[in-house]
Every structure is written in C-alpha cells, then in structure tokens.
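Let me begin by presenting the structure, written as structure tokens, before commenting on it.
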Amino acid sequence: MVYYIVISILFGITAVLPLDYLGGIHVVKEMFGSSGEVVNFTTTSILVSVGVIMGLIYKYHWALINHFQGMVEYLGDKSNRSITRKNFNYAMALIAVAMINLLAQLYLGRLGYSLALDNRYIGVGLLISAIVILFGSMIKNGKNVKNALRISDGVVVGLVSILAIYPGISFLALAYLVLKIRKYELKLIVEFGYLALAVATFNYMITTFIQYGNSFSVMPSLVGSIAVMVIVAILTFFTTALYKQLVRRDLLAVVAIISFLAGVYLVFLG
C-alpha cells in the first residue's frame with residue numbers, strides 16, 4: 001500500500017508540472033527494487049494517465065465547453081463569426097494537437113516504450129526537459145491577446161510534441177516553450193498547455209492499452225488501483241495552481257533543477 005501512496009503523490013504532482021512522470025515511474029521502481037508490490041510499466045502508466053485526465057478535465061471543463069461551443073456557433077452562425085472566431089481557432093488548434101500526437105503515438109509509441117525500459121534513456125530525456133524549461137523561462141513574457149491562438153500554433157505544438165515520445169522529455173515543457181516563443185499571455189499558455197496535455201495523455205493511454213493491453217493487470221489490490229487514480233486526479237487538480245504561479249513568477253527554473261537532478265540520478269546512479 002505504501003507503493004500506491006508514493007506513486008499517487010509523485011505523479012499527481014509531477015504529471016502537471018514540466019516533468020515527465022513516465023520517468024518518475026522508473027525512479028519509484030528503483031526506490032522499491034523488486035518488491036512484489038511494484039506492478040508493470042503498462043499498468044502503472046495507464047492508471048496514472050486516467051488520474052491525470054480526470055484532474056485536468058475537471059479543472060478546465062468549462063474552458064473546453066466554451067471553446068467547442070463557440071466553434072459550433074462559428075460554423076453555424078455566420079453573422080456572429082467575429083465573436084466566435086477565437087473559439088473556433090482555439091478548438092481547431094487543440095484538435096490539430098490531438099491528431100498529430102495520435103499519429104505520433106501510433107507510429108512511434110513502441111519506440112518510446114522500448115526506450116523507457118532503460119533508465120539511462122529516461123535520464124537523458126529529463127536532462128533535455130531541464131534545458132527546454134530553462135530556455136523557455138528566459139524568453140520575455142508576451143501579451144499576444146489581440147490575435148488569440150492560431151490554428152497553426154496547434155500544429156506547431158503537435159509537431160514539436162512528437163519529441164515527447166522520447167521518455168523523459170516533458171510534453172508540457174515543449175508546449176510551454178512554443179507558446180512562450182509566440183509571445184502569448186501566461187494565462188493562455190497554461191490553459192492550452194494543460195488541455196493539450198490532457199489530449200496527449202488520452203492518446204498515450206489508448207495507444208498503450210491497444211499495443212500492450214495484454215500486459216495490463218489490476219494491481220494486487222483493486223482498492224489500491226482506484227486510490228492511485230483518485231489521488232492522482234485530486235493532486236493534479238490542485239498542482240495546476242502551483243504551475244500557474246511558477247510560470248507567473250518566473251520560477252520554473254526550480255522545476256528545471258528537479259528535472260536535471262532526476263536525470264542525473266537515472267543516467268549515473270539508476
């Protein structure tokens with residue numbers, strides 16, 4: 001049961017920070033060694049993914065509904081397009097991320113999964129994430145409110161996020177960097193980054209289950225399985241506020257240091 005609590009707390013926090021929680025799975029496995037409670041990679045990642053999606057959708061469900069409702073209105077009411085165009089672009093950008101990421105997961109997911117079995121590869125990915133975070137934090141904050149999000153931004157985020165197939169590289173860190181370069185306001189960077197992360201996590205969960213579902217097994221305790229999903233969802237919900245504050249106060253360097261240390265541990269000590 002200690003294992004359930006540890007991974008729930010660890011992933012509930014790291015999953016919604018610019019840290020790759022799949023790398024965290026292996027850190028925990030190193031901590032617990034060959035304990036009988038340590039379940040396989042597929043099971044752990046799917047349960048964590050469900051919890052992450054639950055937390056993010058609950059946090060941003062109104063924003064999601066608003067944008068897609070605006071998209072429907074844009075397509076149906078031509079007289080009101082000047083108002084709903086921003087919603088249309090936002091929704092289409094999210095769809096672009098979803099489609100590109102899904103294709104990447106389907107065609108490159110197995111490569112990422114095989115690399116994730118080696119701690120050194122994950123460590124390298126975490127080191128890359130640290131560099132991405134530091135580079136993004138050095139870019140001056142923007143206020144690109146007038147133009148709002150463009151569909152092309154979603155395409156770019158989707159293409160760049162292909163790199164996140166490599167274990168240890170954070171999807172959220174990549175999205176943060178792209179949107180920071182585009183000079184968008186911090187509120188939009190955080191919100192779109194999280195909704196895109198929810199979509200990417202859903203794609204990962206589905207493709208992982210399709211490709212490796214035969215290795216999926218319920219944890220030794222059904223209660224433990226449910227606890228992991230619920231605790232991860234709750235912590236995901238509350239940790240989003242922490243990430244927002246870190247972005248707003250230019251303190252993401254702290255996350256970069258954590259990613260760097262975790263990367264060094266897996267590369268040299270794991």
Side-chain angles (χ1 to χ4, degrees), residues 15-20 56 59-71 74 81-101 104 125-166 169-201 239-260:
V16 289
L17 291 176
L19 295 168
D20 187 80
L56 290 177
K59 177 73 174 182
Y60 291 103
H61 67 282
W62 284 118
L64 195 62
I65 292 173
N66 179 58
H67 290 303
F68 276 90
Q69 183 178 349
M71 176 184 180
Y74 175 85
R81 285 190 168 181
S82 61
I83 299 176
T84 57
R85 184 172 183 80
K86 290 183 179 180
N87 299 117
F88 175 80
N89 288 343
Y90 192 107
M92 288 301 297
L94 195 59
I95 291 174
V97 173
M99 297 305 295
I100 295 173
N101 181 265
L126 289 170
L127 293 176
I128 294 174
S129 287
I131 296 173
V132 171
I133 297 167
L134 284 176
F135 184 70
S137 63
M138 290 188 295
I139 299 175
K140 187 176 180 180
N141 296 333
K143 295 183 179 180
N144 189 359
V145 182
K146 183 177 179 180
N147 295 325
L149 197 70
R150 298 178 180 178
I151 299 175
S152 59
D153 294 319
V155 174
V156 174
V157 170
L159 291 174
V160 172
S161 71
I162 294 176
L163 296 174
I165 298 295
Y166 187 96
I169 298 181
S170 167
F171 177 97
L172 190 60
L174 294 172
Y176 168 76
L177 177 60
V178 170
L179 298 176
K180 197 75 180 294
I181 292 174
R182 289 285 294 119
K183 298 296 182 180
Y184 284 111
E185 60 174 344
L186 297 180
K187 180 180 179 181
L188 187 147
I189 290 176
V190 173
E191 180 187 286
F192 186 79
Y194 273 141
L195 289 176
L197 176 63
V199 169
T201 303
T239 306
T240 54
L242 172 61
Y243 173 65
K244 186 175 182 179
Q245 290 300 317
L246 290 173
V247 171
R248 179 176 296 174
R249 301 183 182 184
D250 291 325
L251 294 175
L252 279 183
V254 175
V255 180
I257 293 174
I258 296 174
S259 183
F260 175 80

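This structure is a prediction, so every number in the text was calculated from the model and none was measured. As a basis for the values below, the full set of heavy atoms in this structure was taken, side chains included, without hydrogen atoms, waters or symmetry mates.
Shown here for G70 and N87, the closest heavy-atom pair between the two residues is CA-CB, 3.7 Å. In terms of heavy atoms, G193 sits closest to A175 at CA-CB, 4.4 Å. Across all non-hydrogen atoms, the minimal contact from G154 to V97 is O-CG2, 3.2 Å.
Between the side chain of K140 and the main chain of K183, no donor-acceptor pair closer than 3.5 Å is present. At least one donor-acceptor pair closer than 3.5 Å links the side chain of S129 to the backbone N or O of S170. Looking only at distances, a side-chain donor or acceptor of S161 sits under 3.5 Å from a matching main-chain atom of G158. A side-chain donor-acceptor contact under 3.5 Å links S259 to the backbone of L126.
A distance of 10.5 Å separates CG of N101 from CG of L159, quoted to the nearest 0.5 Å. Taken to the nearest 0.5 Å, the CD1 atom of I165 stands 9.5 Å off from the CZ atom of F171. From L56, atom CG reaches atom CD of E191 across 11.5 Å, with rounding to the nearest 0.5 Å. To the nearest 0.5 Å, atoms CG (L174) and CG (L197) are separated by 11.0 Å. Here R248 contributes atom CZ and E185 contributes atom CD; the two are 10.5 Å apart, rounded to the nearest 0.5 Å. To the nearest 0.5 Å, atoms CH2 (W62) and CD (Q69) are separated by 9.5 Å.
Not counting sequence neighbours, the partners of F192 by the ring pair (Phe, Tyr, Trp, His ring centres under 6.0 Å) test are Y90. When the side chain to side chain contact (heavy atoms under 4.5 Å, CB included) test is applied to V178, the partners found at least two apart in sequence or on another chain are V156, V157, V160. By the side-chain hydrogen bond (donor to acceptor under 3.5 Å, both in side chains) test, D153 pairs with R182, Y184, sequence neighbours left out. Residues forming a side chain to side chain contact (heavy atoms under 4.5 Å, CB included) with A96 (at least two apart in sequence, or on another chain): V155. Evaluation of the side-chain hydrogen bond (donor to acceptor under 3.5 Å, both in side chains) rule for K180 yields N141, Y176 as partners, not counting sequence neighbours. The side chain to side chain contact (heavy atoms under 4.5 Å, CB included) test applied to F260 returns L127, A130, V264, not counting sequence neighbours.
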Apply side-chain contact (heavy atoms from CB on, under 4.5 Å) to L252 and V247, showing your working. CA-CA 6 Å; L252 279 183; V247 171; 3.9 Å; yes

Pair V190-T240, side-chain contact (heavy atoms from CB on, under 4.5 Å): steps then yes or no: CA-CA 9 Å; V190 173; T240 54; over 6 Å; no

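For the pair I139 and L177, the minimum side-chain heavy-atom distance is below 4.5 Å.
The number of heavy atoms from other shown groups lying within 6.0 Å of CZ (F68) is above 12.
Residue L149 is tested with L94, N89, L188 for a side-chain contact (heavy atoms from CB on, under 4.5 Å); the sole match is L188.
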